[in-house]
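See below for the structure under consideration.
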Amino acid sequence: MNENQYLVNFYNHYNEDARLTSRHGSVEFLTTMHYIQQKIKPGDRVIEIGAGTGRYSHALARQGYTVDAVELVEHNIEIFKKNTLPEEHITITQGNALDLSNFTDNQYDITLLLGPLYHLFTTSDKCQALREAIRITKSGGIIFASYVISDGCLLDEGFHRGNIDVAEYVQQGLLNADTFAAQSKPKDLFELVRKEDIDHLMASFPVTRLHYVATDGCALFMRESIDKMDESLFQLYMKYHFSTCERSDLLGITSHALDIFTVNK
Ligand SMILES: C[S@@+](CC[C@H](N)C(=O)[O-])C[C@H]1O[C@@H](n2cnc3c(N)ncnc32)[C@H](O)[C@@H]1O
């Protein structure tokens with residue numbers, strides 16, 4: 001099977017549009033937006049690579065930013081288009097994060113790479129996606145790159161919920177039997193990493209890290225509790241989350257991480 005076909009089949013049957021709208025799912029969205037709002041300036045040009053159905057792209061376009069979006073999967077593009085309001089200055093192009101040759105160098109102030117790195121399985125592909133994101137971003141521009149973190153997923157989907165059979169993953173070589181480091185292939189859909197893998201990837205690029213964030217922390221692990229919170233408890237939880245999500249002693253216990261860096265050219 002073509003490597004992208006696993007991904008297309010998955011997103012054809014997955015409600016990506018709803019993923020960030022539950023209260024526990026909103027922690028990832030609110031956290032990413034919190035950092036974008038800290039960095040974005042009036043008039044900034046924005047691109048989202050792997051835009052899905054456009055939750056971030058549309059939110060920023062509705063604030064008045066001009067946004068270009070790129071997405072691999074046609075099904076997500078159709079929903080992205082349906083979600084577009086007439087007043088938005090937004091484009092969506094079908095394309096691959098590995099080859100953004102339709103986009104010229106140094107165009108964007110803010111580049112969002114929130115998703116493709118979940119689905120790239122070799123160091124060379126991950127570096128290529130990062131290289132392309134850096135190429136189209138202006139010097140001094142800011143890139144937001146997100147990852148799926150293995151320990152958060154293993155604790156939540158594995159030991160806690162049993163959706164991942166940890167023993168079988170070890171047996172199949174998808175998890176190292178001693179370190180529990182993950183290793184996956186396109187048929188497994190998701191590439192799970194640890195911070196040390198991200199640090200290693202980023203070491204060769206001309207960038208300066210601004211923030212490294214445990215985007216959703218324990219929110220998926222404790223989703224039932226979060227969904228039951230009343231508004232004031234949820235606001236307190238978010239205040240706690242924002243004050244702790246960059247603490248080095250908590251960074252590994254998260255389902256997603258957000259690496260925010262500025263480009264030096
Ligand atoms: C988990 S969704 C995230 C969507 C959105 N960026 C968000 O954070 O809500 C990942 C998206 O990246 C897209 N994607 C995966 N690999 C890609 C690639 N190589 N090039 C472009 N898009 C890709 C998927 O089709 C999917 O829509």
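Atoms within a ligand are numbered from 1 in the order they appear, just like the ligands themselves. Residues: numbered from 1 along the sequence shown. Here the structure is a predicted model, which is why all the values come from computation and not from measurement.
- Among protein heavy atoms, atom 25 (O) of ligand 1 sits closest to E71 OE2, 2.6 Å.
- Distances shorter than 4.0 angstrom do not occur between any heavy atom of S146 and any atom of ligand 1.
- Shown in contact with H119 at under 4.0 Å from a heavy atom are these atoms of ligand 1, numbered in order with element: 15 (C).
- Residue G52 has at least one heavy-atom neighbour below 4.0 Å for each of these atoms of ligand 1: 4 (C), 27 (O).
- Under the 3.5 Å distance criterion, the side-chain polar atoms of D227 are matched with a main-chain donor or acceptor of H24.
- The shortest heavy-atom distance from N96 to ligand 1 is under 4.0 Å.
- Contact check on K81 versus E74 returns no salt bridge, with no Lys/Arg side-chain nitrogen under 4.0 Å from an Asp/Glu carboxylate oxygen.
- No salt bridge links K195 with D259; every basic N to acidic carboxylate O contact stays at or beyond 4.0 Å.
- Inclusion of N76 in the set of residues having an N or O under 3.5 Å from an N or O of ligand 1 is warranted.
- The salt bridge (charged side-chain N to carboxylate O under 4.0 Å, His left out) test with D109 is passed by exactly one of K41, K138, K39: K138.
- Close N/O approach between Y118 and ligand 1 is not found [any backbone or side-chain N/O within under 3.5 Å].
- The residue from I134, L210, L130 that alone fulfils the side chain to side chain contact (heavy atoms under 4.5 Å, CB included) condition with I143 is I134.
- Interface atoms of ligand 1 facing G115, defined by a heavy-atom separation under 4.0 Å, are 10 (C), 12 (O).
- Shown in contact with G95 at under 4.0 Å from a heavy atom are these atoms of ligand 1, numbered in order with element: 20 (N), 21 (C).
- Among all protein heavy atoms, the one lying closest to atom 11 (C) of ligand 1 is G50 O, 3.6 Å.
- Remark: minimum distance from atom 16 (N) of ligand 1 to any protein heavy atom is reached at L7 CD2, 3.6 Å.
- Aromatic ring centroids of Y212 and Y147 lie 6.0 Å or more apart.
- By the 4.0 Å N-to-carboxylate-O rule, E132 lies close enough to R135 to be salt-bridged with it.
- When only interatomic distances are considered, the shortest N/O to N/O separation between I49 and ligand 1 does not fall below 3.5 Å.
- Every atom of ligand 1 with a heavy atom of L114 under 4.0 Å away is listed here by number and element: 3 (C), 4 (C), 5 (C), 6 (N), 7 (C), 8 (O).
- Among protein heavy atoms, atom 20 (N) of ligand 1 sits closest to A97 N, 2.8 Å.
- Those atoms of ligand 1 with a heavy atom of V73 less than 4.0 angstrom away are 25 (O).
- A parallel orientation is assigned to the rings of F234 and Y237, their planes being inclined by less than 30° (bins at 30° and 60°).
- Ligand 1 lies less than 4.0 angstrom from a heavy atom belonging to E48.
- Protein heavy atom in closest approach to atom 1 (C) of ligand 1: Y11 OH, 3.1 Å.
- Neither the backbone nor the side chain of F29 has a heavy atom within less than 4.0 Å of ligand 1.
- Between Y6 and H119, the ring center distance fails the sub-6.0 Å criterion.
- Residue-ligand proximity, Y56 to ligand 1, at heavy-atom distances under 4.0 Å covers atoms 7 (C), 8 (O), 9 (O).
- Between the side chain of T31 and the backbone N or O of T215, at least one donor-acceptor pair lies under 3.5 Å.
- Ring centers of Y56 and F29: under 6.0 Å apart, within the cut-off.
- The backbone of A51, and not its side chain, has at least one atom closer than 4.0 Å to an atom of ligand 1 (non-hydrogen atoms only; backbone = N, CA, C, O).
- In this structure, a donor-acceptor pair under 3.5 Å is absent between the side chains of T53 and N76.
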